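Computed from a prediction, not measured in an experiment: that's the story for all the values here. Labels below follow one simple rule: chain letters A, B, ... track the order of the sequence lines, proteins then strands, and each chain is numbered from 1.
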Protein chains: 2
Amino acid sequence: MPGPPWWYGRFQDAGYRLTLPRQAILGTLSRTSKHLSAEEIYLSVHRAYPAVGLTTVYRTLELLVRLGIISKFDFGDGRSRYELTTSRQRKHHHHLICSRCGRVIDYTDFIDEETEVLGKIERVLSQKYNFRINNHRLHFYGLCDKCK
Amino acid sequence: MPGPPWWYGRFQDAGYRLTLPRQAILGTLSRTSKHLSAEEIYLSVHRAYPAVGLTTVYRTLELLVRLGIISKFDFGDGRSRYELTTSRQRKHHHHLICSRCGRVIDYTDFIDEETEVLGKIERVLSQKYNFRINNHRLHFYGLCDKCK
DNA sequence: AATGATAATGAAAACCATTTCCAATAAGAA
DNA sequence: TTCTTATTGGAAATGGTTTTCATTATCATT
């Protein structure tokens, strides 16, 4: 039996209300593995709750990013894209991006190996540059099977 | 004695003209190690050549990216940033980005080690997803010494 | 040098994702 | 209920980037 989603608590703790628009937006993001843009999320939410406006979607996304519940990405197509942060449901992964058609493939191969190397790098860079590193992002660019 | 810059040839080969605005833009990018935005480049070029317009800067940057002479980056501050592609003058490097003030630090530590691991990953991912990987980008996010 | 064909340019306008404003509404506390 | 504050939606504003279009520069050919 699945308990309440893991992010329920964070709202109360931070003093925010888990309103219907917010739940709808989180619902949409939970139900997909795609990298949705604000407008795509708006359209999806709008189908079920026509009262919810695009402004609220933007505001909610910003809040969710701030709470660490979702991550914001830029794949170079002029709009930001969002996905649930790594958790039990969402494995840590990186992205393969097709420079031509913009397709994005998630991959989880090598994550352990990567994590080890990157972790080591993070430790030394933190020291050397007196930087507190919170996370990293690794993108591979190229041409997907259809485009090459 | 430094010969002509390495990108001279690429223009002719591709059938483009190495005009004065283009030289000025390349000059600006060659003389800095910063990650300039289109507007910053425009202002710099504009000082020496007031006739050059912002539109031309944007057009030229797009062309230079297409020719592989410069790279376009997004560090999350709402404007694209540009720098010369890796070459004899410009070592391969990655970026440390301060999430708060936006400062960007280039680092070249570990590049060999990284390249080895990433190269291996690239080879396997290319096969598995039938993707032709051309390059990668690794960003570390965190707080710089001033902001933490 | 003059000509012609085409590439390149600049200014203004258009574009478009995202933010801001602001008045109206919803939610929780008292 | 009543009060206080958070949240919301629509319209307008913002701001980086692109498009349009008429003009100008460049190069190859006379």
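Using a cut-off of 4.0 Å between Lys/Arg side-chain N and Asp/Glu carboxylate O, Glu40(A) and Lys34(A) are scored as not salt-bridged. A salt bridge is absent between Arg81(A) and Asp74(A); no separation between the charged side-chain nitrogens and carboxylate oxygens falls under 4.0 Å.
Linking Ile, Leu, Val, Met, Phe, Trp and Tyr whenever their side-chain heavy atoms come within less than 4.5 Å leaves Ile121(A) and Ile111(B) in two separate clusters. Follow the hydrophobic side-chain contacts under 4.5 Å out from Leu125(A) and you reach Leu118(B) in the same cluster. Hydrophobic clustering (side-chain heavy atoms under 4.5 Å, transitive across Ile, Leu, Val, Met, Phe, Trp, Tyr) groups Ile41(A) together with Leu26(A).
For the segment residues 10-18 of chain B, residues with any heavy atom less than 4.0 angstrom from an atom of DNA chain D are, sorted by number, Arg17(B).
The outermost nucleotides of DNA chain C lying under 4.0 Å from heavy atoms of chain A, listed 5' to 3', are dA17(C) to dA27(C).
Between dT17(D) and Ser80(B), a contact under 4.0 Å exists linking OP1 or OP2 to a side-chain N or O.
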Please list every donor-acceptor pair under 3.5 Å in which a side-chain atom of residues 140-148 of chain A meets a protein atom from a residue at least two apart or in another chain.
{"residue": "Tyr141(A)", "atom": "OH", "partner": "His139(A)", "partner atom": "ND1", "Å": "3.3"}
{"residue": "Asp145(A)", "atom": "OD1", "partner": "Arg103(A)", "partner atom": "NH2", "Å": "2.8"}
{"residue": "Lys148(A)", "atom": "NZ", "partner": "Asn130(B)", "partner atom": "OD1", "Å": "2.8"}

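The OH-C1' distance, from Tyr49(B) to dT24(D), rounds to 18 Å in whole Å. Straight-line distance from the CD atom of Glu62(B) to the C1' atom of dG16(D): 15 Å, rounded to whole Å. Leu63(A) has its CG atom 8 Å from the P atom of dT7(D), to the nearest Å. Between Leu67(A) atom CG and dA6(D) atom P there is a gap of 15 Å when expressed in whole angstrom units. With rounding to whole Å, Glu40(B) atom CD is found 15 Å from dG15(D) atom C1'. The nearest whole Å value for the distance from the OH atom in Tyr58(B) to the C1' atom in dT18(D) is 9 Å. Leu20(B) places its CG atom 8 Å from the P atom of dT26(D), with the value rounded to the nearest Å. To the nearest angstrom, C1' of dT17(D) lies 13 Å from CG of Asp74(B).
Sequence order on DNA chain C of the closest nucleotides to Ser37(A) and Tyr42(B) puts Tyr42(B) first from the 5' end. Where Thr19(B) and Tyr82(B) each meet DNA chain D at their nearest nucleotide, the meeting point lying more 5' is that of Tyr82(B).
Under the side-chain hydrogen bond (donor to acceptor under 3.5 Å, both in side chains) criterion, Tyr58(B) pairs with no residue at all, not counting sequence neighbours. Partners of His35(B) according to the side-chain hydrogen bond (donor to acceptor under 3.5 Å, both in side chains) rule, which considers only residues two or more places apart in sequence or in another chain, are Glu83(B), His95(B), Asp106(B).
Heavy-atom contacts from other residues, nucleotides or ligands closer than 6.0 Å to CZ of Arg100(A) number 12 or fewer.
Note that the two end axes of the helix from dA1(C)-dT30(D) to dA30(C)-dT1(D) enclose an angle of 30°, each drawn from 5 base pairs, rounded to 10 degrees.
Closest of all the heavy-atom pairs between Gly68(A) and Thr85(A) is O-OG1, 3.1 Å.
Arg22(B) comes within contact range of the sugar-phosphate backbone alone, with a heavy-atom separation under 4.0 Å but no base atom that close.
A side-chain N or O of Asp109(B) and one of Tyr129(A) form a donor-acceptor pair less than 3.5 Å apart.
Ring geometry, His46(B) versus Tyr42(B): the interplanar angle falls from 30° to 60°, so the pair is classed tilted.
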